[in-house]
Amino acid sequence: MTFCEEVRAVCNESWEASFNHPFVQHLAAGTLPEDIFRFYVLQDSYYLKHFAKVHALAAVQAKDLATTQRFAQHAEETCGAEISLHEGFFELLDVTDEVLNSFEAAPTAYAYTSHLYRTAMHGNLADTLAALLPCYWLYYEIGERLKNATPNHPIYDKWIATYGSEWFEQATREQINRMNELADSVSLEKREELKAHFVKSSHYELQFWEMAWTQQQWEADSKTEVKL
């Protein structure tokens, strides 16, 4: 069993919960309220900004120029394409500059990006990729599962098509293969650390759907500035 097969099995319960979450199910059916998706897109745009920056940190951590180049390209191509997609959604959902200027990250989005930064700053390339990989892989599997869904909604159709696309599959498989190669070169103790990063990110992926579904807010007595 490869490292990725092992961690995928460990996280199967939480991933199944993601597949079956009301947010995903209603999106596939075309019945997801647009205000919920609007909240999600704003939070996901925030997440992707930092997802790109963590890829840049991974590029610095790489020990060879080819890997540095690939992580830089992932930051530009994968995140650039998704951010462009979100900008299209902003227009359809009437997300104005005023809305963007007053945006505040929800607790889960803030915690997830903080986890990515902490992992990258205190680890090496293997640590960073272990934390990044669930975002690729889970969305790829959702795209595969929803390929035959027919929400008949201009936004939700496009969202499904993006994550069910060939380019996204190729990017995901590349990172899975790279993760296996990196994990094969470390000790068993280190593999457990990598597994822990992957599990935490899988947890946050599930919580991200719930955050959007409930339009999560900061508690009044614990609100903090989170505009990173």
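All values derive from a computational prediction rather than experimental measurement. FYI, side chains are in, hydrogens and waters are out, and symmetry mates aren't considered; it's all heavy atoms of this structure.
For the pair L133/V7, no side-chain contact is recorded, criterion being any heavy-atom separation below 4.5 Å from C-beta on. Residues R8 and E5 form no side-chain contact, since every pair of their non-hydrogen atoms from C-beta on lies 4.5 Å or further apart. L146 is listed as a side-chain neighbour of V24, based on a closest heavy-atom distance under 4.5 Å. L32 is not listed as a side-chain neighbour of H153, based on a closest heavy-atom distance of 4.5 Å or more.
Looking at Q216, its side chain does come within 3.5 Å of a backbone N or O of T108 through a donor-acceptor pair. A donor-acceptor contact shorter than 3.5 Å links the side chain of Q25 to the backbone of F19. Looking at D127, its side chain does come within 3.5 Å of a backbone N or O of N124 through a donor-acceptor pair. The main-chain N or O of V41 is never found under 3.5 Å from a side-chain atom of S45 such that the two would form a donor-acceptor pair. Using a distance-only test at 3.5 Å, with no hydrogens or angles considered, no donor-acceptor pair links the side chain of W15 to the main chain of A9. Judged by distance alone, with hydrogens and angles left aside, the side-chain atoms of S165 form a donor-acceptor pair with the main-chain N or O of T162 at under 3.5 Å. Side-chain atoms of Q215 do not come within 3.5 Å of backbone N or O of F39 as any donor-acceptor pair.
Not counting sequence neighbours, R38 has no partner by the salt bridge (charged side-chain N to carboxylate O under 4.0 Å, His left out) test.
From F3, atom CZ reaches atom CG of L194 across 5.0 Å, with rounding to the nearest 0.5 Å. Here OG1 of T119 is found 11.0 Å from CG of L57. Values are rounded to the nearest 0.5 Å. One finds the CH2 atom of W213 at 10.5 Å from the CG atom of L27 (value rounded to the nearest 0.5 Å). N180 contributes atom CG, which lies 10.5 Å from atom CD of E6 (distance to the nearest 0.5 angstrom). To the nearest 0.5 Å, the span separating CG on L48 from OG on S84 amounts to 12.0 Å. Here the straight-line distance linking atom CZ of R173 with atom CH2 of W137 works out to 9.5 Å at 0.5 Å rounding.
If you run side-chain hydrogen bond (donor to acceptor under 3.5 Å, both in side chains) between E193 and each of R191, H197, K190, only K190 comes through. The ring pair (Phe, Tyr, Trp, His ring centres under 6.0 Å) test with F51 is passed by exactly one of Y139, Y112, Y136, F208: Y136.
Hydrophobic clustering places F90 together with Y46 (ILVMFWY residues linked when any side-chain heavy atoms are closer than 4.5 Å, directly or through intermediates). Hydrophobic cluster membership is shared by F89 and L100, with clusters built from Ile, Leu, Val, Met, Phe, Trp and Tyr side chains linked at under 4.5 angstrom. M121 and F198 end up in the same hydrophobic cluster when Ile, Leu, Val, Met, Phe, Trp and Tyr side chains are linked at under 4.5 Å.
Ring-plane geometry between W209 and Y40 is classed as parallel, the angle between the planes falling under 30 degrees on a 0 to 90 degree scale with a further cut at 60.
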task: Just do the ring pair (Phe, Tyr, Trp, His ring centres under 6.0 Å) check on F168 and Y163 with the steps written out, would you?
output: CA-CA 6 Å; F168 194 75; Y163 297 113; 5.2 Å; yes
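In N20, the CG atom is crowded: over 12 heavy atoms of neighbouring residues, nucleotides or ligands sit closer than 6.0 Å.
A donor-acceptor contact under 3.5 angstrom links the side chains of Q170 and E166, judged on distance only. T128 and Q61 form a side-chain donor-acceptor contact under 3.5 Å, judged by distance and modelled atom types alone. Between the side chains of S14 and H203, no donor N or O sits under 3.5 Å from an acceptor N or O.
The two residues W218 and A105 come nearest to each other via the heavy atoms NE1-O, 2.8 Å. Across all non-hydrogen atoms, the minimal contact from S201 to A131 is OG-O, 2.7 Å.
Electrostatic pairing of E192 and K195 counts as a salt bridge here, judged by a charged N lying under 4.0 Å from a carboxylate O.
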